[in-house]
Amino acid sequence: MKKIAIVAVAVAGLTLVACTKKTDTNTVTTENTVTTETTTDTNASLDNAGVAADNALDAAGNAVSNGANSVSNATSNATNAM
């Protein structure tokens with residue numbers, strides 16, 4: 001009977017130890033996760049901003065090219081009209 005009681009107490013003790021929160025480890029893990037997610041979000045935002053800027057430059061270049069073509073066409077039309 002004593003053996004059963006000792007085993008029961010040992011199992012109960014191990015159960016309590018296993019259920020104890022490891023707050024320091026959990027806090028550090030949570031902080032690392034938040035830092036990693038923040039860094040990932042920041043990098044994605046910078047990548048998107050770079051793509052948007054590149055697209056805006058391409059559009060500006062296209063507009064200048066189209067304007068030059070319009071001037072060339074107008075010059076040709078004026079020359080041909082004479």
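Each residue takes its place number in the sequence, starting with 1.
Evaluation of the side chain to side chain contact (heavy atoms under 4.5 Å, CB included) rule for T75 yields V71, T79 as partners, not counting sequence neighbours.
With values rounded to the nearest 0.5 angstrom, S76 atom OG is found 10.5 Å from N69 atom CG.
A donor-acceptor contact shorter than 3.5 Å is absent between the side chain of S65 and the backbone of G61.
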In residues 48-57, what donor-acceptor pairs under 3.5 Å come from side-chain atoms, sequence neighbours left out?
from : atom 1 : to  : atom 2 : distance (Å)
N48  : ND2    : A44 : O      : 3.4
N55  : ND2    : V51 : O      : 3.4

